[in-house]
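Below is one structure, written out as structure tokens; comments come after it.
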2 protein chains.
Amino acid sequence: MLIVAERINATRRSIARAMLERDSRCLAREARKQAEAGADLIDVNAASDPTAEVENLRWAVEVLQESTDLPLCIDSASTEGLRAALELVQADDVMLNSVNGEPQRMRDVLPIAAEHNARLVGLLMDEHGLPEGVEDRLRVAEKIVREADRAGIGLARLYIDPCIRPLSTSPDQVEAALESVRRVMAEFPGIHTTVGLSNISFGLPYRSILNRAFLTLLITAGLDCAILDPTERDVMATVHAAEALCGKDEWCMDYIGAERAGVLRPKDD
Amino acid sequence: MLIVAERINATRRSIARAMLERDSRCLAREARKQAEAGADLIDVNAASDPTAEVENLRWAVEVLQESTDLPLCIDSASTEGLRAALELVQADDVMLNSVNGEPQRMRDVLPIAAEHNARLVGLLMDEHGLPEGVEDRLRVAEKIVREADRAGIGLARLYIDPCIRPLSTSPDQVEAALESVRRVMAEFPGIHTTVGLSNISFGLPYRSILNRAFLTLLITAGLDCAILDPTERDVMATVHAAEALCGKDEWCMDYIGAERAGVLRPKDD
């Protein structure tokens with residue numbers, strides 16, 4: 001399971017302020033905390049202020065490269081933002097978040113991703129918006145896979161995201177999202193699937209318990225990457241528990257190892 | 001979701017001691033705690049000392065009837081224990097835990113359950129032990145359903161238990177258990193399914209996180225009853241979260257209601 005750590009996101013007030021004030025220690029601290037908690041990549045999003053996004057993103061990328069060895073996930077809806085951030089990235093391994101099935105967006109983002117040999121998140125939405133049914137989502141997936149392939153990006157670099165909406169407003173989407181993960185993993189062997197986990201619980205109380213329950217279902221459906229907050233220890237423990245339950249961790253060796261390494265919460269029973 | 005509260009079980013040292021010392025306040029306290037946490041029935045098991053089981057069970061049933069209005073679940077592998085406890089039960093609603101597909105056990109237990117119009121847990125095991133595959137489990141379920149029907153016990157009173165074994169020793173059983181729940185619910189409309197949840201995590205660290213992840217999968221598969229510890233607030237919150245995710249709680253009204261009633265853990269985010 002590839003963990004993309006979500007905390008360095010300017011929609012969080014503390015991060016927006018850190019970017020405004022060029023508080024590099026705040027970003028470094030967030031990166032370190034997430035790395036220690038088990039992150040594989042550090043997502044960086046500077047989208048709070050559109051007029052300053054590109055500048056803030058470049059600053060953040062430079063700060064993060066000095067403070068962590070983990071690869072970055074450049075998270076921007078702006079092609080200019082992605083391109084400007086990538087210019088600064090020194091590591092071979094980088095993820096772009098994201099492309100979708102919109103023709104113009106694919107024309108913009110796919111060449112950049114191909115040029116940098118980047119991992120690429122592909123959202124299952126396009127110029128018609130967010131499809132409701134599984135078949136429509138699969139058609140968007142096919143489109144992204146086809147165009148990515150033409151641009152020279154193989155399945156192993158693609159992370160398809162079924163675009164989770166809040167349970168409170170879209171109660172019927174859960175099975176469609178799970179089925180999309182199952183189908184994408186089955187129909188494109190070697191591809192990856194990912195979600196922005198916490199969207200599911202937006203607007204609801206005690207969000208973490210919903211996030212964890214949904215993560216369990218997603219992992220059992222085949223999900224192999226998630227954008228989440230690894231400093232929530234119960235969420236990381238849920239990753240290990242779900243992988244043990246769905247047969248990805250024979251004899252629970254990883255689960256027991258995670259407990260010994262102190263990754264699980266201290267024993268409560 | 002019917003919650004059968006598991007804490008009054010003599011395999012727990014404090015309960016064994018309470019039974020030995022006739023500490024009725026301990027049992028009353030456990031019953032009250034579990035009722036407040038959301039239990040629908042109180043399981044009572046006195047199986048620590050076989051020579052005293054019947055006597056202890058009768059004592060416990062009398063104590064519990066004085067201390068809680070909730071119906072009891074009489075939990076005993078001994079027919080004599082079930083019969084002796086039932087003699088004392090005053091409520092119309094009672095559950096027996098359990099029968100299985102063994103012919104002698106069915107001959108012993110089904111008439112007692114029918115006579116008392118009891119709910120009845122039916123374990124998917126028989127004289128040949130615990131079947132491995134789903135088809136073999138389904139054959140045991142059919143046998144129990146058929147014989148229960150002959151004894152006058154309808155589907156609505158039957159709670160089929162796929163018999164969860166520890167994940168640490170039986171890593172391959174999870175999908176079979178989930179599929180058994182799906183198949184039993186689909187093939188016998190009106191029947192119920194239940195599990196002794198905590199068996200899954202026996203021998204593993206941080207048991208609660210595995211229990212909750214497994215419970216999420218089971219509820220999504222159709223499980224509508226579980227024997228668990230309702231005083232673990234995260235477990236009860238998981239019940240509400242899983243039901244919201246799998247479409248059993250439209251617009252999350254029960255989930256939000258549970259939070260307002262203070263059933264979920266205090267907001268952590």
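Each chain gets a letter, A, B and so on, in the order the sequences are listed, and its residues count up from 1. None of these values were measured; they are calculated from a predicted model.
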Next item on the list: Indicate yes or no: at least one non-hydrogen side-chain atom of B/Pro171 is less than 4.5 angstrom from one of A/Trp251.
Entry: yes
Note to self: Apply side chain to side chain contact (heavy atoms under 4.5 Å, CB included) to residues A/Arg212 and B/Thr238 and explain how you reach the verdict.
What the structure shows: CA-CA 9 Å; A/Arg212 282 179 262 152; B/Thr238 298; 6.0 Å; no
Check: If you round to the nearest 0.5 Å, how far is CD1 of A/Ile256 from CG of B/Leu204?
Finding: 5.5 Å
Item checked: Which portion of A/Leu215 sits near chain B, non-hydrogen atoms under 4.5 angstrom -> neither
Notebook entry, point to check: What's the spacing between A/Ile209 CD1 and B/His240 NE2 if we round to 0.5 Å?
Noted result: 10.5 Å
Notebook entry, point to check: What part of A/Thr220 is in contact with chain B, defined as an atom under 4.5 angstrom from a non-hydrogen atom: side chain, backbone, both or neither?
Noted result: side chain
Next item on the list: Answer yes or no: are there more than 12 heavy-atom neighbours, outside B/Glu132 itself, under 6.0 Å from its atom CD?
Entry: no
Note to self: Are there over 12 heavy-atom neighbours, none belonging to B/Glu21, within less than 6.0 Å of that residue's CD?
What the structure shows: yes
Next item on the list: Look at A/Leu217, A/Val174, A/Asp172 and state which one has the largest set of heavy-atom pairs under 4.5 Å with chain B.
Entry: A/Leu217
Checklist line | Contact winner vs chain B - A/Thr216, A/Leu245, A/Leu178, heavy-atom pairs under 4.5 Å | finding: A/Leu245
Checklist line | Which atoms of B/Ile200 approach chain A - backbone, side chain, both or neither, heavy atom under 4.5 Å | finding: side chain
Notebook entry, point to check: Where does A/Thr169 contact chain B at under 4.5 Å (heavy atoms): side chain, backbone, both or neither?
Noted result: backbone
Item checked: N/O donor-acceptor pair under 3.5 Å between A/Tyr255 side chain and B/Pro205 backbone -> yes
